[in-house]
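Step one of this worksheet: look at the structure below.
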Amino acid sequence: MSRATLAKNPNEVAEMFDGVAQRYDLTNTVISLGQDRLWRKATRRALDLRRGDAVLDLGAGTGVSTVEYTAEGAFAIGTDISLGMLRAGLHRGVPMVAGNALELPYRDDSFDAVTISFALRNVPHTERALAELFRVTKPGGRIVICEFSRATWAPFRFAYENIALKAIPLAARVVSSNPEAYQYLQESIRTWPDQARLAGLLGAAGWERPAWRNLTGGVVALHRATKPGGSSRSSD
């Protein structure tokens, strides 16, 4: 069974996700107790999509979210480093492209909106990935990041970090095709920047007005920002 280390070597990350692809979506629903659907809905609302918007869904996995963006009238392209995940999502009938977050295969100013959910944490250089997403976004375009973060209420944070996180690998053994990968998930969540630090990284990459909204008590956070220039829209 394959799992990446916190060095986040792209080849190791891709191989690890290849190993979980077939049961990835089911495993996510089980270990999140169904919250994954609510997180995707909140991400769609934050993107504030209009018909015809070009959207990059980076770290798309099997394309679950890509399909949902398409259903709202956007032209959505799913992109992921794992060929196994992309193959598992081919039946969804949406554009799926193999690509590395540090070297995106798209021209400058290509997308009205870019989004990445639960995948930025797996990239070895967060700042470079945010700069690449900035590059391919049109002036006035927006970014939405949905990612694990830091629970805000101290008692809940203690329970989450000392009970819930430790239970993830155990739950994954029941449903995942590669439960070792979920040990990495637990470790990567613990070392990920909190809400304010990620907002700071967005600003350093050139994004304007970075802000966040906590979901599930801060266990997950939605970060939003815009690229300077053009026309921008506020989102709910």
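There is a path of hydrophobic side-chain contacts, each under 4.5 Å, that joins Y24 to V13. L83 and V97 sit in two unconnected hydrophobic clusters of ILVMFWY residues. Membership requires side-chain heavy atoms under 4.5 Å apart, directly or through other members. Placement of F75 and I116 within a single hydrophobic cluster is found when ILVMFWY residues are connected by side-chain heavy-atom separations under 4.5 Å, directly or transitively. Under a hydrophobic clustering in which Ile, Leu, Val, Met, Phe, Trp and Tyr are joined whenever their side-chain heavy atoms come within less than 4.5 Å, directly or via other members, Y160 and Y182 fall into the same cluster. Linking Ile, Leu, Val, Met, Phe, Trp and Tyr residues whenever their side-chain heavy atoms come within less than 4.5 Å leaves L165 and W192 in two separate clusters.
For the residue pair E132 and A101, the shortest heavy atom distance occurs at CB-O, 3.5 Å. Minimum heavy-atom separation, A129 to L120: CB-CD1, 3.8 Å. What you find for A225 and P210 is that their closest heavy atoms are CB-CA, 3.9 Å. Here the closest heavy-atom approach between residue Q195 and residue A221 is recorded as CG-CB, 3.8 Å. For the pair P228 and G206, the tightest heavy-atom approach, listed with the atom from each and the gap, is CD-O, 3.5 Å. Annotation for G59 and A119: closest pair CA-CB, 3.8 Å, computed over non-hydrogen atoms.
If you check the side chains of D57 and S65, you find a donor sitting under 3.5 Å from an acceptor. N122 and Y184 share a donor-acceptor pair across their side chains, judged by distance under 3.5 Å alone. No side-chain donor-acceptor contact under 3.5 Å links S117 and R40. With no hydrogens or angles considered, a side-chain donor-acceptor pair links T226 and R209 at under 3.5 Å.
To the nearest 0.5 Å, the span separating CG on D48 from CD on E72 amounts to 9.5 Å. Rounded to the nearest 0.5 angstrom, K227 NZ and R135 CZ are separated by 9.0 Å. Rounding to the nearest 0.5 Å gives a distance of 10.0 Å between OG1 of T66 and CG of L58. The CG atom of L133 sits 4.5 Å away from atom CD1 of I143, with the distance rounded to the nearest 0.5 Å. Here the CE-CE distance, from M85 to M16, works out to 9.5 Å after rounding to the nearest 0.5 Å. Rounding to the nearest 0.5 Å places CZ of R213 at 14.0 Å from OG of S149.
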Query raised in the report: Does the pair I145 and L130 meet the rule for a side-chain contact (heavy atoms from CB on, under 4.5 Å), with working shown?
Result: CA-CA 10 Å; I145 301 168; L130 293 175; 3.8 Å; yes

Requested in this report: Kindly determine whether L56 and T115 satisfy side-chain contact (heavy atoms from CB on, under 4.5 Å), including the steps that lead there.
Outcome: CA-CA 6 Å; L56 171 61; T115 183; over 6 Å; no

**Report entry** Stepwise side-chain contact (heavy atoms from CB on, under 4.5 Å) test for R37 and T29
**Finding:** CA-CA 8 Å; R37 297 184 179 94; T29 298; 3.5 Å; yes

Query raised in the report: So L49 and V55, side-chain contact (heavy atoms from CB on, under 4.5 Å) or not? Walk me through it.
Result: CA-CA 9 Å; L49 296 174; V55 181; 3.4 Å; yes

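A tilted orientation is assigned to the rings of F118 and W39, their planes being inclined by 30° to 60°.
Using a 4.0 Å cut-off between charged nitrogen and carboxylate oxygen, E208 and R142 do not count as a salt-bridge pair. A salt bridge links R92 with D25: at least one charged nitrogen is closer than 4.0 Å to a carboxylate oxygen. Using a cutoff of 4.0 Å between basic side-chain nitrogens and carboxylate oxygens, E161 and R150 are scored as salt-bridged. Looking at R190 and E187, no side-chain N of the basic residue comes within less than 4.0 Å of a carboxylate O on the acidic one, giving no salt bridge.
Looking at heavy atoms from C-beta onward, P124 lies out of side-chain contact with N9 at the 4.5 angstrom threshold. Side-chain contact between T27 and V20: absent, with no pair of heavy atoms (C-beta onward) separated by less than 4.5 Å. Side-chain contact between R157 and T152 is absent, with no heavy-atom pair separated by less than 4.5 Å. In this structure, the side chains of V220 and E147 stay at 4.5 Å or more apart for every pair of heavy atoms. D53 has its side chain out of reach of Y69: every pair of non-hydrogen atoms, C-beta onward, lies at least 4.5 Å apart.
Of the possible polar contacts, none joining the R224 side chain to the V144 backbone as a donor-acceptor pair under 3.5 Å is found. Under a 3.5 Å cut-off, the side chain of D36 and the backbone N or O of S32 do not form any donor-acceptor pair. In this structure, the side chain of H223 does not engage the main chain of L198 through any donor-acceptor pair within 3.5 Å. Without hydrogens or angle criteria, Q35 side chain to T216 main chain gives no donor-acceptor distance under 3.5 Å.
For the salt bridge (charged side-chain N to carboxylate O under 4.0 Å, His left out) with K138, the lone residue among D112, D108, D109 that qualifies is D112.
In this structure, the ring of F134 has its center less than 6.0 angstrom from the ring center of W207.
The number of heavy atoms from other shown groups lying within 6.0 Å of CD (E15) does not exceed 12.
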